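It should be emphasised that the depicted structure is a prediction, and the values quoted were computed from it without experimental measurement. When reading the values below, keep in mind they use all heavy atoms of this one structure, side chains included, and skip hydrogens, waters and symmetry mates. Atoms within each ligand, like the ligands themselves, are counted from 1 in listed order.
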Amino acid sequence: MDTIDLRSDTVTHPTPEMRRAMAEAQVGDDVFGEDPTVNRLQAMGAERMGKEAGLFVASGTMGNLVAVLSHCGRGEEVILGDRAHTFLYEAGGVAALGGVHPHPVPNQTDGTLRLEDVGEAIRAEDVHFPHSRLVCLENTQNRCGGAVLTAEYTDNVGRLAHERGLALHIDGARIFNAAAALGVPAKRLAQAADSICFCLSKALCAPVGSVLCGSHAFIAQARRIRKQVGGGMRQAGILAAAGIVALETMVDRLPEDHANARRLARGLAGIPGILLDAGTPYTNMVIFGLAPSVPIDGRETAERLAELGVRVQVIAPRRFRAALHYWVDGQGVDRVIEGFHQVIASA
Ligand code: TLP
């Protein structure tokens with residue numbers, strides 16, 4: 001029996017078409033800028049984001065790190081959400097490796113940062129303060145359940161940042177999910193940003209990689225920083241080839257994942273003992289918890305589900321995340337619902 005793995009959309013395997021493209025990829029030394037497949041992926045990524053240039057990086061974490069270190073020097077400050085992936089889950093890289101000071105402001109439940117909070121966080125010129133250089137947004141916002149930031153909201157944050165002399169970076173790991181949910185091109189969501197990093201290795205199913213996009217000058221600096229952090233890869237076209245197939249074949253189908261997320265949410269809502277978060281799902285993630293009446297906790301529920309071939313992520317003692325993706329179809333969703341039924345009924 002195949003396991004249905006909804007712990008993350010990062011668990012996705014490459015498609016057969018990606019494996020073929022990888023095997024046949026033309027390659028060169030990318031540190032010399034001579035890998036034609038990497039160059040093609042970077043150009044495609046930049047075009048999709050409406051930016052001048054792109055840079056292939058090993059991961060979303062590396063893309064955000066390189067972006068922050070390209071915008072900020074040591075002792076300078078990045079303003080970001082207190083539920084931002086860069087703040088919570090990137091091992092403190094911007095501080096550890098770049099000496100960049102993270103200044104968190106509260107993420108609202110819809111994933112936004114209040115403009116007032118961002119405005120107040122920007123420092124005045126004073127010998128006591130670090131210089132504020134950068135604001136980061138995340139779209140979709142993972143820890144807010146995959147919530148979507150609109151183009152208008154992003155424009156407002158961009159305007160505020162730019163008026164005060166700061167840059168705007170978007171962690172767009174799942175920007176194509178946001179674009180699908182809003183029915184707008186991803187480049188519209190990136191318009192106000194000086195840089196954006198999107199991931200190929202999540203719902204787009206490529207095995208490795210992200211593309212950081214921005215102006216020619218920004219990407220020239222980012223290329224230096226990528227080298228400093230050991231991210232100058234050589235015949236990386238093998239990996240980029242899968243990314244090209246991801247952009248060509250996986251973006252337009254994302255609404256299927258969103259529909260499956262809604263199907264899962266509807267099914268779970270019918271199970272006594274399960275409480276869905278308000279608003280879920282915004283995109284491809286369903287966030288839910290166990291009612292107090294259920295006598296087992298999240299870890300035990302997940303263990304019993306795993307015995308039935310269903311895996312979800314336990315994100316708090318009694319809360320779960322299920323991330324829908326290409327490798328789970330409607331029938332798979334129904335097996336997940338049935339699994340929860342069974343485990344909770346027998347608890
Ligand atoms: N997110 C992973 C975990 O790290 C939590 C997941 O399962 O969702 N930005 C955002 C918004 C992300 O969700 C992630 C990965 C990253 C950046 C980092 O990407 P990678 O894993 O490629 O370094």
Side-chain angles (χ1 to χ4, degrees), residues 5-14 45 49 55-69 78 80-94 96-97 102 104 107 111-113 136-149 154 169-179 181 186 189-190 193 195-213 226 229-231 233 236 239-240 242-243 246 254 257 261 280-287 302 311-316 319-328:
D5 194 346
L6 296 181
R7 285 173 302 164
S8 181
D9 46 14
T10 61
V11 304
T12 45
H13 289 191
M49 294 300 124
L55 186 70
F56 186 49
V57 291
S59 65
T61 300
M62 183 184 280
N64 289 329
L65 175 67
V66 167
V68 174
L69 270 55
V78 53
L80 76 184
D82 63 355
R83 291 193 233 171
H85 193 277
T86 300
F87 186 58
L88 292 177
Y89 301 123
E90 294 175 11
V94 301
L97 303 175
N107 273 110
T112 59
L113 311 177
C136 285
L137 294 176
E138 186 177 311
N139 198 7
T140 64
Q141 219 297 346
N142 185 350
R143 276 317 300 268
C144 295
V148 171
L149 307 181
T154 309
H169 170 71
I170 299 178
D171 175 353
R174 298 183 181 82
I175 195 71
F176 291 112
N177 292 87
L189 301 176
S195 57
I196 180 165
C197 183
F198 69 85
C199 290
L200 299 160
S201 61
K202 300 192 167 59
L204 303 189
C205 292
V208 176
S210 298
V211 183
L212 176 61
C213 301
R226 184 186 69 172
V229 299
M233 296 181 281
L239 302 172
L254 291 174
D257 296 341
T280 198
Y282 300 103
T283 46
N284 69 328
M285 296 178 188
V286 185
I287 313 292
R311 303 195 71 181
V312 293
Q313 184 145 50
V314 182
I315 55 171
R319 283 164 58 72
F320 308 95
R321 178 184 76 166
L324 278 296
H325 55 74
Y326 177 72
W327 295 104
V328 178

Counting heavy atoms under 4.0 Å, the part of R174 that contacts ligand 1 is side chain
Pull out every atom of ligand 1 sitting under 4.0 Å from any heavy atom of E138, numbered as shown with elements. 11 (C)
Please confirm whether the backbone N or O of R143 pairs with a side-chain atom of R321, one donor and one acceptor, at under 3.5 Å? no
What protein heavy atom sits nearest atom 1 (N) of ligand 1, and how far off is it? H85 NE2, 3.2 Å
So for ligand 1, is S8 a polar contact partner (N or O within less than 3.5 Å, distance only)? yes
Closest non-hydrogen atom pair between G63 and C197, with its separation: CA-SG, 3.7 Å
Is there a polar contact between ligand 1 and E90, counting only N or O atoms under 3.5 Å apart? no
For N139 and I175, indicate whether the former's side chain and the latter's backbone hold a donor-acceptor pair under 3.5 Å. no
Checking contacts here: is it the side chain or the backbone of K202 that comes within 4.0 Å of ligand 1, counting heavy atoms only? Could be both or neither. side chain
I'd like to check whether D9 has a polar contact with ligand 1, where a contact means an N/O of the residue lying under 3.5 Å from an N/O of the ligand. no
Nearest neighbour in protein (non-hydrogen) for atom 9 (N) of ligand 1: D171 OD2, 2.7 Å
Is there a donor-acceptor pair closer than 3.5 Å between any side-chain N or O of E138 and the backbone N or O of N142? yes
Please list, in number order, the atoms of ligand 1 under 4.0 Å from a heavy atom of A173. 9 (N), 10 (C), 11 (C)
Whether T12 side chain and K202 backbone form a donor-acceptor pair below 3.5 Å: yes
Is there side-chain contact between C213 and F198, with at least one heavy-atom pair below 4.5 Å? yes
Min side-chain heavy-atom separation F320-V314 under 4.5 Å: yes
Work out whether the distance between some heavy atom of Q313 and some atom of ligand 1 is less than 4.0 Å. no
Heavy-atom check, side chain of L113 versus side chain of L80, under 4.5 Å: no
Atom indices of ligand 1 within 4.0 angstrom of T61 heavy atoms, with elements: 18 (C), 19 (O), 20 (P), 23 (O)
Distance under 4.0 Å to a non-hydrogen atom of R321: what atoms of ligand 1 satisfy this? 6 (C), 7 (O), 8 (O)
Compute the minimum heavy-atom distance from M62 to ligand 1 and say whether it is under 4.0 Å. no
Enumerate the atoms of ligand 1 whose separation from the nearest heavy atom of S59 is less than 4.0 angstrom. 22 (O), 23 (O)
Hey, does the side chain of H325 reach the backbone of N284 with a donor-acceptor pair shorter than 3.5 angstrom? no
Among C197, G60, G209, the residue with a heavy atom nearest to atom 20 (P) of ligand 1 is G60
Can any side-chain N or O of Q141 pair as donor or acceptor with the backbone N or O of R83 at less than 3.5 Å? yes
